[in-house]
There are 2 protein chains.
Amino acid sequence: MRVAELADAVGVRPDTVRYYERAGLLPPPPRSASGYRRYPAEAVDRLRFVRGCQKLGLRLKEIADLLAVRDTGVCPCEPAETMLHRHIAELDAELARLSALRAELVELVGGLPSGRCPELDQGDWCPPEGR
Amino acid sequence: MRVAELADAVGVRPDTVRYYERAGLLPPPPRSASGYRRYPAEAVDRLRFVRGCQKLGLRLKEIADLLAVRDTGVCPCEPAETMLHRHIAELDAELARLSALRAELVELVGGLPSGRCPELDQGDWCPPEGR
DNA sequence: CTTGACCTTGGAGTCCGCTCCAAGGTCTAC
DNA sequence: GTAGACCTTGGAGCGGACTCCAAGGTCAAG
């Protein structure tokens with residue numbers, strides 16, 4: 001299959017497929033006589049693996065590491081587990097941060113219409129009045 | 001005050017202050033005879049306003065918009081309220097997304113050690129076995 | 001045989017908020 | 001008067017994952 005066919009099969013753009021190749025996620029495929037990339041059917045699986053991992057929040061570098069293990073013929077479950085545990089911890093931290101931020105924003109806008117402009121901990125909302 | 005003094009007063013780097021100036025968040029200050037930036041005391045307030053807004057998750061462009069209103073002498077509460085409401089909605093969406101992702105990861109790692117490698121919705125975890 | 005859709009490449013641009021650099025000038029304390 | 005800490009500028013680099021470009025080559029349909 002050509003690059004656009006592979007891309008279509010997984011719902012990405014041809015540029016993205018070529019980018020993954022440059023990034024080392026997809027092996028350079030064989031070429032037709034005229035230099036076109038000709039992908040074997042397994043390329044679809046591999047590309048789907050990449051997209052699946054991305055949906056889980058893994059970065060391309062991490063996916064590349066998993067694929068490197070997978071390419072030795074070993075299931076990358078073990079490194080994946082460590083990786084996913086770390087990601088869960090990161091998510092927890094991010095969720096806590098965003099929740100706290102949300103609470104702060106809600107409190108702030110809750111006070112806004114009531115009358116006077118608030119002051120942030122630092123920095124006046126209102127312009128200095130002619131001082 | 002000099003740029004490093006202003007920066008120290010608010011806990012940022014001199015480069016950041018100059019960056020904010022280039023970005024239109026801080027007005028170009030008067031210069032000393034030798035070309036050094038000489039900030040008036042009010043610059044501290046303005047810089048603190050910027051950092052306070054950033055802590056709330058506003059982007060520099062948005063802060064610039066608020067400051068543009070503030071610079072007309074009007075309190076930017078009204079645009080800020082609209083902006084903050086939008087940010088709360090964005091936070092809600094992001095919190096929902098991350099929560100769902102976390103649940104998915106937890107489910108996935110929960111099943112991992114039990115025995116066999118899972119398959120993602122798309123893309124095998126395990127390498128193709130000699131097919 | 002022409003049209004138009006595909007393909008190739010390397011490199012640049014995007015967003016965001018810095019952060020760092022080099023090469024030069026200035027200011028302060030001793 | 002000199003060391004060393006500051007200041008100036010424009011521009012590049014970073015991270016992350018693309019996305020787009022130009023200039024050229026290829027291929028299938030009509």
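Because the structure is predicted, anything quoted here is derived from the model rather than measured. Any value given below was found using the heavy atoms of this structure, including those in side chains, with hydrogens, waters and symmetry copies removed. Letters go in sequence order (proteins before strands), and every chain restarts at 1.
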Q: Take the protein atom CG of B:L25 and the nucleotide atom P of C:dC16, then report the distance between them rounded to whole Å.
A: 13 Å

Q | Any A:Y19 side-chain N or O less than 4.0 Å from OP1/OP2 of D:dG16 | A | no

Q.
Nearest to the side chain of B:S34, heavy atoms from C-beta on, is which of C:dC6, D:dT26, C:dC27?
A. C:dC27

Q) Looking across every strand, which nucleic acid part, if any, lies under 4.0 Å from A:R38 by heavy atom: base, sugar-phosphate, or nothing? A) nothing

Q) NZ of A:K55 versus P of D:dA17: gap in Å, rounded? A) 16 Å

**Q.** Minimum-distance nucleotide to B:A4 side chain [options: D:dC6, C:dT19, C:dT9]
**A.** D:dC6

Q: Could you work out which one of D:dC7, C:dC18, D:dT8 sits closest to the side chain of B:R51?
A: C:dC18

Q: In plain terms, say whether B:E104 and A:K55 are close enough for a salt bridge, that is, a side-chain N and a carboxylate O under 4.0 Å apart.
A: no

Q) Start at the 5' end of DNA chain C and walk down; is the nucleotide closest to B:S32 or to B:Q54 reached first? A) B:Q54

Q) Roughly how many Å is it from NZ in B:K61 to C1' in C:dC18, rounded to a whole number? A) 19 Å

Q) Rounded to the nearest Å, what distance is computed from the CD atom of residue B:E21 to the P atom of nucleotide C:dC18? A) 15 Å

Q | Given DNA chain D, 5'-ward residue of the pair B:P14 and A:T16, judged by closest heavy atom | A | B:P14

Q: Find out whether A:R48 and A:R51 are in side-chain contact, i.e. whether some heavy atom of one side chain is under 4.5 Å from a heavy atom of the other.
A: no

Q.
Closer than 4.0 angstrom, basic N to acidic O: yes or no for A:R97 and A:E94?
A. yes

**Q.** Test item: A:Y19 and A:L60 side chains (from C-beta on) under 4.5 Å apart, heavy atoms
**A.** yes

Q | Check: B:V17 and B:V10 side chains under 4.5 Å, non-hydrogen atoms | A | no

Q) What's the closest nucleotide to the B:R31 side chain, out of C:dG10, D:dT9, C:dC20? A) D:dT9

Q. Can you tell me if the side-chain N/O atoms of B:R37 get under 4.0 Å from OP1 or OP2 in D:dT9?
A. yes

Q: Kindly say if A:R59 contacts the phosphate of D:dA17, meaning a side-chain N or O under 4.0 Å from OP1 or OP2.
A: no

Q: Would you mind reading off the distance between A:R22 atom CZ and D:dA17 atom C1', rounded to a whole angstrom?
A: 12 Å

Q | OP1 or OP2 of C:dG25 under 4.0 Å from side-chain N/O of B:Y36 | A | no

Q: Output yes when at least one side-chain N/O atom of B:R13 is less than 4.0 Å from OP1 or OP2 of C:dC20, else no.
A: yes

Q | Rounded interatomic separation in angstrom, taking CG from A:D15 and P from C:dT9 | A | 11 Å

Q) Looking only at side-chain N and O atoms, does B:R18 come under 4.0 Å of OP1 or OP2 in D:dT8? A) yes

Q: Rounded off to whole Å, could you give me the CD1-to-C1' distance for the B:I63 and C:dC16 pair?
A: 12 Å

Q: Establish whether A:V44 and A:Y36 are linked, either directly or via other cluster members, by ILVMFWY side-chain heavy-atom contacts under 4.5 Å.
A: no

**Q.** Nucleotide D:dT8, atom P - distance to CG of B:L6 in whole Å
**A.** 11 Å

